[in-house]
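Convention: sequence-line order gives letters A, B, ...; per-chain numbering from 1.
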2 protein chains.
Amino acid sequence: MEQHYTLEEIKTWERFYRANFINSLSGFKSASLIGTINEAGNTNLAIFSNIVHLGADPAMVGFINRPLAAAPHTISNIEKTGVFTINLISEEMISKAHQTSAKYAEGISEFDATGFTPQFTETCKAPFVKESKVKYSAELMEIIPIKYNNTFFVIGAIKEVLFEKSLLNPDGFLSLEEAETIASLGLDAYYRAQLVARYAYAKPDLEPRLINN
Amino acid sequence: MEQHYTLEEIKTWERFYRANFINSLSGFKSASLIGTINEAGNTNLAIFSNIVHLGADPAMVGFINRPLAAAPHTISNIEKTGVFTINLISEEMISKAHQTSAKYAEGISEFDATGFTPQFTETCKAPFVKESKVKYSAELMEIIPIKYNNTFFVIGAIKEVLFEKSLLNPDGFLSLEEAETIASLGLDAYYRAQLVARYAYAKPDLEPRLINN
């Protein structure tokens, strides 16, 4: 049966109940680990859910950073060093990845606390997560403050990509399900993904057609 | 085997190959149908992949709109009427939902062209999709132009929510997999989601703990 709630009703809900509801309402997300480093060389790793594809040429990515009081380290490291990595999460990484959301004391790296292995390349100062099967680095382009709730929209230019060769399709598509990459929902739920179908470029005068890879 | 590509290499790739690659790189998304209406009362429906949760209090959502030349109707309707709906896609809706991405002639509604049923509430001028099992409306707060590639970040305040009662958990979480809500990947792939686990709020001094609902 279809329920119908207005904002006025939702506003009266208990804070955590409402947070669970509104966070899950917008659907499945690509929760990923963002790796950064500060000027003293201390690494940071944190899980972020709200990541968007912004464009393929130039290759750009964006993510939402919570207010500074809740999540200060990632954004402050990015401001200082201008670089970050985004590391997709495979099923066997879930519990450690979720644990990076704990508020560790200043000076404790989530790499050490959770047991993920930092991985560096010749060109990227920020740490990748060795255990991740698909990961990329980005250079900061802009941080746009969202004035309504003190969140930030962080925009980066993709600079480098590391991934398992077996995931790559002949047309450039990455079969992330073969890396057991998870989707997330709400604040705390993690899902495995099973391909239903790929569809060819839609045209007004043609019926939907499946892509058979 | 781990592949490593730099931006300089990626830039040399064929345009559609690169688009498939970069679009799938950022992981699973909550592809959804955005419903709008213009001042003359003509409805529009289009599939969007890059949707973020921006906050629970106030309840806010954001999405990326492609450049005006590629996707003019949704954003122009929102500018004029100040309102839009976001409708999650269930598995049986996939082929029609994908078809909304075809470039229909001016004046043809994707509702008519694809066979989705417009649904109106007393308070929302923009059309919902009757077939969708989880949907919400939003009032425009701001359109932020992304200058690097002429895309837009559209921010809305959630005003109204409609969903199947059976999906709601005692803690406010929506079990979208029970509505067969899909996740999307890249430009054209659709996935079913299977719950792996929910984890309790992480704390530095505690091991990760499962939530058992």
Side-chain angles (χ1 to χ4, degrees), chain A residues 1-7 17-28 30 50-53 55-56 59 61 64 88 95 98-99 101-102 104 136 149 151 153 159-163 165 171-174 176 183 185-186 188-199 202-204 208, chain B residues 1-7 17-28 30 50-56 59 61 64 88 95 98-99 101-102 104 136 149 153 159-163 165 171-174 176 183 185-186 188-199 202-204 208:
Chain A
M1 197 193 139
E2 195 165 81
Q3 299 291 295
H4 182 191
Y5 292 104
T6 62
L7 181 64
Y17 184 96
R18 185 180 56 224
N20 277 326
F21 181 83
I22 300 291
N23 268 277
S24 48
L25 184 62
S26 51
F28 295 105
S30 58
N50 289 286
I51 297 170
V52 290
H53 164 82
V61 67
I64 303 296
L88 302 195
S95 68
H98 184 78
Q99 185 64 21
S101 63
Y104 289 101
Y136 51 108
N149 62 1
T151 57
F153 185 47
K159 285 291 164 186
E160 205 175 350
V161 177
L162 290 85
F163 62 96
K165 189 180 181 180
D171 64 356
F173 178 79
L174 290 169
L176 295 185
L185 181 61
D188 53 29
Y190 302 93
Y191 286 77
R192 72 175 62 99
Q194 187 187 351
L195 182 65
V196 177
R198 290 184 67 193
Y199 279 87
K203 298 190 173 182
Chain B
M1 198 193 138
E2 195 165 80
Q3 299 290 298
H4 182 189
Y5 291 104
T6 63
L7 181 63
Y17 184 96
R18 184 180 58 223
N20 277 325
F21 182 83
I22 299 291
N23 268 277
S24 49
L25 183 62
S26 52
F28 295 105
S30 58
N50 289 287
I51 296 170
V52 290
H53 164 83
L54 267 176
V61 66
I64 303 297
L88 302 195
S95 68
H98 184 79
Q99 186 64 21
S101 65
Y104 288 101
Y136 51 109
N149 62 1
F153 185 46
K159 285 292 164 186
E160 206 175 350
V161 178
L162 290 85
F163 62 97
K165 190 181 181 180
D171 65 355
F173 179 79
L174 290 168
L176 295 185
L185 181 62
D188 54 29
Y190 302 93
Y191 287 77
R192 71 176 61 99
Q194 187 187 352
L195 182 65
V196 177
R198 290 185 67 193
Y199 280 87
K203 297 188 173 184

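The minimum heavy-atom distance linking Ser24(B) with Gly172(A) is given by the pair OG-O, 4.2 Å. Here the closest non-hydrogen pair linking Pro208(A) and Ser95(B) is CG-O, 3.6 Å. Among all heavy-atom pairs drawn from His4(A) and Glu160(B), the shortest one is NE2-OE2, 2.5 Å. Scanning both residues, Ala102(B) and Pro204(A), for their nearest heavy atoms gives CB-N, 3.5 Å. Counting all heavy atoms, side chain and backbone alike, Ala189(A) lies closest to Leu195(B) at CB-CD1, 4.1 Å. Nearest heavy-atom pair across Ile22(B) and Ala59(A) is CD1-CB, 3.9 Å.
Ser30(B) contributes a side-chain N or O that, together with a main-chain N or O of Ser26(A), makes up a donor-acceptor pair within less than 3.5 Å. A donor-acceptor contact shorter than 3.5 Å links the side chain of Asn50(B) to the backbone of His53(A).
Heavy atoms of Lys159(B) lying under 4.5 Å from chain A belong to its backbone as well as its side chain. Interface remark: Thr6(A) contributes backbone and side-chain atoms alike to the contact with chain B (heavy atom separation under 4.5 Å). Heavy atoms of Leu88(B) lying under 4.5 Å from chain A belong exclusively to its side chain. Only the side chain of Tyr136(B) comes within contact range of chain A, with heavy atoms under 4.5 Å apart. For chain A, the nearby parts of Ala193(B) are the backbone and the side chain; heavy atoms of each come within less than 4.5 Å. Residue Ala183(A) touches chain B through both its backbone and its side chain, counting heavy-atom pairs closer than 4.5 Å. Proximity to chain A is limited to the side chain of Ile64(B), based on heavy atoms less than 4.5 angstrom apart.
We find the CG-CD1 distance between Leu25(B) and Ile51(A) to be 10.5 Å, quoted to the nearest 0.5 Å. Here the CG atom belonging to Leu162(B) is positioned 11.0 Å from the OH atom belonging to Tyr5(A), to the nearest 0.5 angstrom. Atoms CG and CZ, from Leu185(B) and Phe173(A) in turn, are 4.0 Å apart once rounded to the nearest 0.5 Å. Taking NZ from Lys165(B) and CD from Gln3(A), the interatomic distance works out to 5.0 Å, rounded to the nearest 0.5 Å.
Note on Phe153(A), Tyr17(A), Tyr104(A): by heavy-atom pairs under 4.5 Å with chain B, the leading option is Tyr17(A).
Considering only residues two or more places apart in sequence or on other chains, Tyr199(A) meets the ring-ring contact (aromatic ring centres under 6.0 Å, His included) condition with His98(B). Annotation: ring-ring contact (aromatic ring centres under 6.0 Å, His included) contacts of Phe21(B) (sequence neighbours excluded): Phe163(A), Trp13(B).
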